[in-house]
Amino acid sequence: MPWTPPPRPSRRSLLAGAAGAAGAVLLTGCTDDRSAGADPTISVERRMREAAVRDSARLLERYDATAAAHPDLAARLGPLRAAVAAHAAALSPSAASGAPSPAGSPSGGTGAAAPAASGEPVPAKAAEALTALADAERSLSEARTIDLAGAPGELARMLASLAACGAVHVYLLTSTPGATP
């Protein structure tokens, strides 16, 4: 009997196999670095909110460090810092559940100037310090935009708003106040 090659799989069976493999990957519970080792009893939304609050707290520390290093910028940075503090308060898991937030700033600080959380020193020139702060705002805005994909409905809407606000902060930090276009 002559050898005949086995029949080729149909397109339908290939698609079904690919769908099954994709489903298996989703069901295995792949995690990223942020959720690795996380308590499975804590909801995804709560973990995302806690991470977002930590990110906002780090940004607040950068604002504080920049204002401490450049006191002449404090008035310009004040309203932007206040907005970031409000974002952290709105993102806190206790705000989502309606529980009162703890007293003090969202970062747990006393409001005194702190070194930048990243360990990066604040640039000596005011213009460079504003650029570094704008870069931190831009980075956080982009990260929040990426996080939208995995966020539940209400949190996704909030992250979108905060990402947009961060983009406005970047513009305000990099524009020249009082200049006409």
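Keep in mind that what you see is a predicted model, and the values were worked out from it rather than measured.
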Assess whether a salt bridge exists between D147 and R144, defined as any Lys/Arg side-chain N lying under 4.0 Å from an Asp/Glu carboxylate O. no
What are the two closest non-hydrogen atoms of A88 and S56, and how far apart are they? CB-CB, 3.7 Å
Between Y63 and E137, do the side chains contain an N or O donor and an N or O acceptor separated by less than 3.5 Å? yes
Interatomic spacing from CG in L80 to CG in L73 - rounded to 0.5 Å: 11.0 Å
In the structure I gave you, are the side-chain heavy atoms of T131 and L173 within less than 4.5 Å of one another anywhere? no
Hey, does L172 have a side-chain heavy atom less than 4.5 Å from the side chain of R76? no
Identify the two heavy atoms, one from A163 and one from S141, that lie closest to each other, and give their separation to 0.1 Å. O-OG, 2.6 Å
Considering non-hydrogen atoms only, spot the tightest contact between A129 and V122 and give its length. CB-CG1, 3.9 Å
Do V170 and V84 sit in one hydrophobic cluster, given that two such residues count as connected whenever their side-chain heavy atoms are within less than 4.5 Å of each other, even indirectly? no
Determine, for E142 against R138, whether the closest basic-nitrogen to carboxylate-oxygen distance falls under 4.0 angstrom. no
Testing the basics here: between R49 and A90, what is the closest heavy-atom pair and its distance to 0.1 Å? NH1-O, 3.4 Å
Is any side-chain N of the basic residue among E61 and R58 closer than 4.0 Å to the acidic one's carboxylate O? no
R81 side chain reached by L59 side chain, heavy atoms, under 4.5 Å: no
Could you pull out all residues at least two apart from H87 that satisfy side-chain hydrogen bond (donor to acceptor under 3.5 Å, both in side chains)? none
Please name the residue in the list L133, L140, L77, D135 that meets the side chain to side chain contact (heavy atoms under 4.5 Å, CB included) test with R62. L133
Check step by step if side chain to side chain contact (heavy atoms under 4.5 Å, CB included) holds for L162 and L91. CA-CA 10 Å; L162 299 182; L91 283 164; 3.5 Å; yes
Measuring only between side-chain heavy atoms, which start at C-beta, is L148 closer than 4.5 Å to L155? no
Of the non-hydrogen atoms in A52 and L159, which two are nearest, and what is the gap between them? CB-CD2, 4.5 Å
Kindly indicate whether the side chain of P152, heavy atoms from C-beta on, has any atom under 4.5 Å from the side chain of M48. yes
